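Bear in mind the structure is a predicted one, so any value in this text is a computation, not a measurement. Lettering follows sequence order; numbering is per chain, from 1.
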Amino acid sequence: MTDWAEGDPLEVAPRLLNAVVSHGGVSVRLTEVEAYAGPDDPGSHAFRGETARNAVMFGPPGRFYVYFVYGMHHCANLVTGPAGDPGAVLLRAGEVVAGLDVARARRPGSSDRDLARGPARLCRALGIDLTHNGVRLDVVAGEGPLQTSSGPRVGLRRAAERPWRFWVTGDPTVSTYRPASVRRPAGA
DNA sequence: CTTCGGATTGGCT
DNA sequence: GCCAATCCGAAGA
């Protein structure tokens, strides 16, 4: 991987579309990503400064920032750096293009189309968990004409309206949009 | 120390 | 369409 995947996450994110990420014997062509900036982005884990959890985001580019959510899921980002400037791009969905049988074994019962359709599913298909946080990732730039779209980020309650989600227009492996769920009313 | 809520998913109504 | 699952990081007391 070279500088095409480094720099401002807002610029890197669209370039990541159609790129191929390989890990754990499986390769995925990215069809959907989301950009997360640093201290100025209320939706970013880095918004409140560096902690043990998000430390990788503050490090050099080209590494996985993996986090654990909802008590059962992992999500993976590509840190775009530069060091000290916590930008990252969430890998939201893609198409499995190699290691299909391995990916199927990791997600029994899933259709091929759904193997990496969603950030937690993509992590599962690639065999990514917290032990891979900070690990350098293997990503190869995509080629050819590509039509992309952008829109609001998914699942956030803060700053979701920023159109920092990018996807390959019309691709069937792009996840379905789901607005952030509203929690039960404060009172009772 | 305790409480809150989450960059989601899959199953049930 | 709605909601439980299920653990942890961050914030508040």
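Between the C1' atoms of C:dG1 and B:dA7, the separation comes to 22 Å (whole Å).
Taking atom CZ of residue A:Phe68 and atom P of nucleotide C:dG9, one finds them 9 Å apart after rounding to whole Å. A:Arg106 places its CZ atom 17 Å from the P atom of B:dT9, with the value rounded to the nearest Å. With rounding to whole Å, A:Glu161 atom CD is found 15 Å from B:dA7 atom P. To the nearest angstrom, P of C:dT6 lies 20 Å from OH of A:Tyr67. The distance from atom NE2 of A:His74 to atom C1' of B:dT9 is 14 Å, rounded to the nearest whole Å. C:dG1 atom P lies 14 Å from atom OH of A:Tyr177, rounded to whole Å. Taking atom NE2 of residue A:His45 and atom C1' of nucleotide B:dT8, one finds them 12 Å apart after rounding to whole Å. When the P atom of B:dT8 is taken as reference, atom CG of A:Asp114 falls 16 Å away, rounded to whole Å.
Proximity note for A:Arg48 (side chain, C-beta onward) versus C:dA11, B:dA7, C:dT6: the nearest is C:dA11. When distances run from any side-chain atom of A:Ala120 to the nucleotides B:dT8, B:dA7, C:dA5, the shortest one goes to B:dT8. Side-chain proximity of A:His73 to the nucleotides C:dC8, C:dA10, B:dT9 is greatest for B:dT9.
Side-chain contact between A:Val66 and A:Asp129: absent, with no pair of heavy atoms (C-beta onward) separated by less than 4.5 Å. For the pair A:Thr31/A:Val174, a side-chain contact is recorded, criterion being any heavy-atom separation below 4.5 Å from C-beta on. Contact check for A:Val20 versus A:Val139: no side-chain heavy atoms found under the 4.5 Å cut-off.
Counting only Watson-Crick and G-U wobble pairs whose two distances sit under 3.5 Å, DNA chain B takes part in these stems of three or more pairs: B:1-6 with C:7-12, B:8-12 with C:1-5.
Within 4.0 Å (heavy atoms only), A:Arg153 reaches no atom of the nucleic acid at all. Using a 4.0 Å heavy-atom cutoff across all strands shown, A:Leu90 reaches at least one base atom of the nucleic acid.
When atom types are taken as modelled, the side chain of A:Asn18 and the backbone of A:Glu143 share a donor-acceptor pair closer than 3.5 angstrom.
Considering A:Arg153, A:Arg92, A:Arg121 as possible partners of A:Glu32, the one that fulfils the salt bridge (Lys or Arg N to Asp or Glu O under 4.0 Å) test is A:Arg92.
DNA chain C is contacted by both A:Gly49 and A:Met72; A:Met72 maps to the nucleotide lying nearer its 5′ end (nearest heavy atom per residue).
Take A:Arg48 and apply the side chain to side chain donor-acceptor pair (under 3.5 Å) test, not counting sequence neighbours, and it matches no residue.
An OP1 or OP2 oxygen of B:dA7 is reached within less than 4.0 angstrom by no side-chain nitrogen or oxygen of A:Arg158. Between A:Thr51 and C:dG9 there is no side-chain polar atom (N or O) within less than 4.0 angstrom of OP1 or OP2.
Here A:His132 and A:Phe64 keep their ring centres 6.0 angstrom or further from each other. Outside the 6.0 Å centre-distance limit, the rings of A:His74 and A:Tyr67 are not counted as a close aromatic pair.
A:Trp167 and A:Leu90 fall into different hydrophobic clusters, where Ile, Leu, Val, Met, Phe, Trp and Tyr residues are linked whenever their side-chain heavy atoms come under 4.5 Å apart, directly or through other members. The hydrophobic clustering, which links ILVMFWY residues whose side-chain heavy atoms are closer than 4.5 Å, places A:Val97 and A:Val102 apart.
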Quick one: which protein N/O atoms are closer than 3.5 Å to N/O atoms of nucleotides 10-12 of chain B? Pair and distance per line, please.
{"from": "B:dG10", "atom 1": "OP1", "to": "A:Arg107", "atom 2": "NH2", "distance (Å)": "2.4"}
{"from": "B:dG10", "atom 1": "OP2", "to": "A:Arg121", "atom 2": "NE", "distance (Å)": "2.7"}
{"from": "B:dG10", "atom 1": "OP2", "to": "A:Arg121", "atom 2": "NH2", "distance (Å)": "2.4"}
{"from": "B:dG10", "atom 1": "O6", "to": "A:Arg178", "atom 2": "NH2", "distance (Å)": "2.7"}

